[in-house]
Amino acid sequence: MLDIKYIRQEPDAAKERLAARGEEGSRIDELLALDEQRRALVTEAETLQATRNAVSKEIGALMGQGKKEEAEAKKTETRELGNKVDSLNAQRAEADGAFNDLILSLPNLAHESVPVGDESANAEVKVEGKKPTFDFNPKGHLDLCDSLKLIDFERGAKLAGSGFLLYTGWGARLERAMIQFLLDLHIHEHGYTEVSPPFIVKAECMEGVGQFPKFLDQAYAVQEGLDGETLGKRYLIPTAEAPVANLHRDEILNEEELPKKYCAYSPCFRAEAGAAGVATRGMIRVHQFDKVELIKVVKPETGYDELEAMLANAEKVLQLLGLHYRVLLLSSGDMGFAAAKTYDIEVWAPGQGSYLEVSSVSNTEDFQARRMKTRFKAEQGGNQLPHILNGSGVALARLFVSLIETHQQADGSIAIPEPLQPYLRTDCIPA
RNA sequence: GGAGGGGUGGCAGAGUGGUCGAAUGCGGCGGUCUUGAAAACCGCUGUACCGCGAGGUACCGGGGGUUCGAAUCCCUCCCCCUCCGCCA
């Protein structure tokens with residue numbers, strides 16, 4: 001949620017920055033009009049309430065003295081006042097509702113270092129390693145999964161429909177080994193605290209991270225048994241960000257507690273409604289995938305240093321696994337709803353001949369914190385909103401693709417990178 | 001799923017229609033005293049919004065209602081605890 005005080009003070013700057021996010025600048029005018037209307041109603045209603053409260057106190061005093069008739073006279077007077085207050089409060093609730101609906105639907109504003117423009121303005125800020133070369137004809141992950149029986153696409157689709165995977169044998173073991181490897185890396189080397197969250201969250205958590213209201217159509221809603229009333233109250237998480245970033249919802253933290261650094265494994269459920277290419281076969285775009293997520297809650301002045309550190313933490317994964325990747329700084333038009341600045345990490349998949357997005361690392365600044373009312377008590381300046389950061393560390397299905405395609409060998413086996421070997425208890429998935 | 005009991009400030013815990021944003025205790029902060037510390041004593045100690053300000057308003061799990069007036073009465077939802085049933 002944007003800061004209304006900033007918008008009041010700098011409406012023109014806000015318009016320009018909002019336009020860079022692909023929103024009409026006129027939304028700012030609408031917002032300010034609603035804000036003004038809302039505040040006028042608040043002032044008027046509260047003035048009347050003050051009068052009513054004062055008279056009510058007098059009535060109390062009169063009753064105490066046994067002056068019943070005088071009290072009754074005052075009651076009639078106040079009754080009318082009360083009605084006025086009620087109607088003003090109703091108007092106020094309506095104005096508040098309209099104001100909130102609008103401000104919740106506006107995306108975060110981009111940090112000044114973010115290139116303005118659409119997807120084509122994304123900037124490649126780093127390339128690590130080189131595209132591997134093969135002295136044989138490398139296979140794609142579909143062939144490798146079939147020949148090594150890593151994934152049974154047909155049975156996955158039979159069980160849950162297209163876009164759902166059945167990992168089998170070495171495939172299942174590799175997936176589990178990578179999860180364990182990622183968690184251990186971030187816990188032991190990068191200082192994150194592991195949490196294991198619910199995989200279902202309330203709608204308010206989805207709103208807190210900015211998934212809702214915009215991406216309601218992308219979520220899996222959960223119903224309890226046959227009770228249709230329960231539908232729409234809880235959702236399968238699209239990312240562990242949804243539960244973990246909300247850990248400190250409605251809390252005021254102590255300054256010394258910051259920074260908070262969490263990592264969490266979870267499956268991620270995405271309806272991908274309207275998206276092209278959720279196929280029966282393939283792992284690039286699926287309805288359910290595993291991910292290890294990183295979340296930080298930090299003081300505002302450290303937000304961007306922490307973002308760079310988190311990016312390095314995610315990159316470390318690919319470096320240790322010997323994978324070629326590049327880092328993109330996303331443009332203002334290509335960033336997610338809640339982000340003020342985002343880096344995407346794209347890993348090379350030789351069989352695809354393309355880069356795959358495996359991580360998105362963002363600083364949401366105070367956008368999420370304001371939505372979820374996460375604050376911290378500062379030594380100076382009272383209660384403040386922290387910056388909340390999230391990053392994939394990293395998404396598994398696409399990492400799986402890159403790993404097997406990159407480390408495939410002429411005989412059809414997969415060489416396992418050294419850091420992963422203890423987890424998989426082998427240095428090679430045999431052909 | 002059945003029966004019962006609860007949700008009040010950082011914590012514990014009073015308060016059953018008015019002078020209650022809320023007693024008291026603990027904790028925390030500041031001070032007095034002390035060579036220093038402890039003890040004792042004194043003071044302060046929630047959040048958000050409106051207002052240039054003085055100040056005002058709201059919040060006692062959430063929402064709604066009754067009333068001139070609600071922490072207190074009514075309805076509803078959520079959550080927690082105990083017992084029974086079922087169950088990984």
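Letters A, B, ... are given to chains in the order of the sequence lines, protein chains preceding strands, and every chain is numbered from 1.
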Take A:Phe199 and A:Phe269 through the ring pair (Phe, Tyr, Trp, His ring centres under 6.0 Å) test and state the conclusion after the steps.
CA-CA 9 Å; A:Phe199 299 157; A:Phe269 302 92; 7.4 Å; no
Does any nucleotide pair with B:rA58 by Watson-Crick or G-U wobble geometry, both distances under 3.5 Å, and what is it?
B:rU47
Among B:rC79, B:rC49, B:rA48, the nucleotide that comes nearest once only the side chain of A:Arg234 is considered
B:rC79
Pairs flagged by salt bridge (charged side-chain N to carboxylate O under 4.0 Å, His left out) wherever residues 183-211 of chain A is involved - sequence neighbours left out:
none
In whole angstroms, the gap separating P of B:rA48 from CG of A:Asp96 amounts to 17 Å
Under a 4.0 Å threshold between the charged nitrogen and the carboxylate oxygen, would A:Arg270 count as salt-bridged to A:Glu272?
no
Distance check, P atoms only: B:rG2 and B:rU72, in whole angstrom units.
28 Å
Whole-Å distance separating the CD1 atom of A:Ile4 from the P atom of B:rC50
9 Å
Before you tell me yes or no, could you show the steps for A:Lys341 and A:Ser113 under side chain to side chain donor-acceptor pair (under 3.5 Å), namely the whole-Å CA-CA distance, both residues' side-chain angles and the distance that decides it to 0.1 Å?
CA-CA 8 Å; A:Lys341 183 173 184 176; A:Ser113 62; 2.8 Å; yes
Report the distance from atom CG of A:Leu41 to atom P of B:rC49, rounded to the nearest whole Å.
18 Å
A:Glu58 with A:Lys74: basic N within carboxylate O range, under 4.0 Å:
yes
So what does A:Lys233 hit on the nucleic acid, given a heavy-atom distance under 4.0 Å: a base, only sugar-phosphate, or nothing?
nothing
Whole-Å distance, A:Glu255 CD to B:rG28 C1', equals 16 Å
When the C1' atoms of B:rA48 and B:rG9 are considered, how many whole Å apart are they?
15 Å
Would A:Lys214 count as a cation-pi partner of A:Phe337, with NZ or CZ less than 6.0 Å from the six-membered ring centre and within 45° of the ring normal?
no
Would you indicate what A:Ile252 reaches in the nucleic acid, counting non-hydrogen atoms under 4.0 angstrom: base, sugar-phosphate, or nothing?
sugar-phosphate
Starting from P on B:rC11, measure out to CD on A:Glu251 and report it in whole angstrom.
11 Å
When the P atoms of B:rC60 and B:rG10 are considered, how many whole Å apart are they?
14 Å
Determine the Euclidean distance between corresponding P atoms of B:rG61 and B:rG43; express it in Å to zero decimal places.
30 Å
Applying a 4.0 Å non-hydrogen cut-off, can you work out what A:Arg8 is touching in the nucleic acid: base, sugar-phosphate, or nothing?
sugar-phosphate
Passing candidate, side-chain contact (heavy atoms from CB on, under 4.5 Å) with A:Phe367, options A:Asn108, A:Val209, A:Leu109, A:Asp3
A:Asn108
Would you mind reading off the distance between A:Asn89 atom CG and B:rG69 atom P, rounded to a whole angstrom?
12 Å
Write down the partner of B:rU72 under the Watson-Crick or G-U wobble criteria, each distance required to be under 3.5 Å.
none
Between A:Phe181 and A:His186 (judged by ring centroids, cut-off 6.0 Å), do the two rings come close enough to count as a pair?
no
By nearest heavy atom, map A:Lys377 and A:Gly60 onto RNA chain B; which one lands nearer the 5' end?
A:Gly60
B:rA3 pairs with, by Watson-Crick or G-U criteria that keep both distances under 3.5 Å
B:rU82
Is a side-chain donor-acceptor pair under 3.5 Å present for A:Lys291 with A:Thr239?
yes
Contact nearer the 5' end of RNA chain B, comparing A:Thr43 with A:Ile59
A:Thr43
Would A:Lys15 and A:Asp29 pass as an ion pair if we require N to O under 4.0 Å?
yes
Taking protein heavy atoms under 4.0 Å as touching, what does nucleotides 54-63 of chain B look like 5' to 3' if B marks base contact, S marks sugar-phosphate-only contact and - marks none?
--BBS-----
CD of A:Glu70 versus P of B:rC68: gap in Å, rounded?
18 Å
Taking the C1' atom of each, how far is B:rU32 from B:rC81, in whole Å?
46 Å
G-U wobble or Watson-Crick pairing nucleotide for B:rA40 (cut-off 3.5 Å, both distances):
B:rU32
Considering only atom C1', compute the distance from B:rC26 to B:rA14 and round it to an integer number of Å.
15 Å
Please measure how far the C1' atom in B:rG63 lies from the corresponding atom in B:rA70, and state the result in whole Å.
15 Å
Can a salt bridge be assigned to the pair A:Arg375 and A:Glu251 using a cut-off of 4.0 Å between side-chain N and carboxylate O?
no
Given that both distances must come in under 3.5 Å, which nucleotide forms a Watson-Crick or G-U wobble pair with B:rG10?
B:rC26
Could you check whether A:Ser56 gets within reach of a base, just the sugar-phosphate, or nothing at all, counting any heavy atom under 4.0 Å?
base
N-O pairing of A:Glu72 and A:Lys75 below 4.0 Å:
yes
Round to a whole Å and report the spacing from NZ of A:Lys202 to P of B:rC78.
10 Å
Should B:rG21 form a Watson-Crick or G-U wobble pair with both distances under 3.5 Å, which nucleotide is its partner?
none
Residue-level proximity of residues 31-39 of chain A to RNA chain B when a heavy atom falls under 4.0 Å
A:Arg38, A:Arg39
Sticking with atom P, work out how far B:rA12 lies from B:rG7, rounded to a whole angstrom.
12 Å
Of the listed B:rG18, B:rU19, B:rU47, the closest approach to the A:Lys57 side chain comes from B:rU19
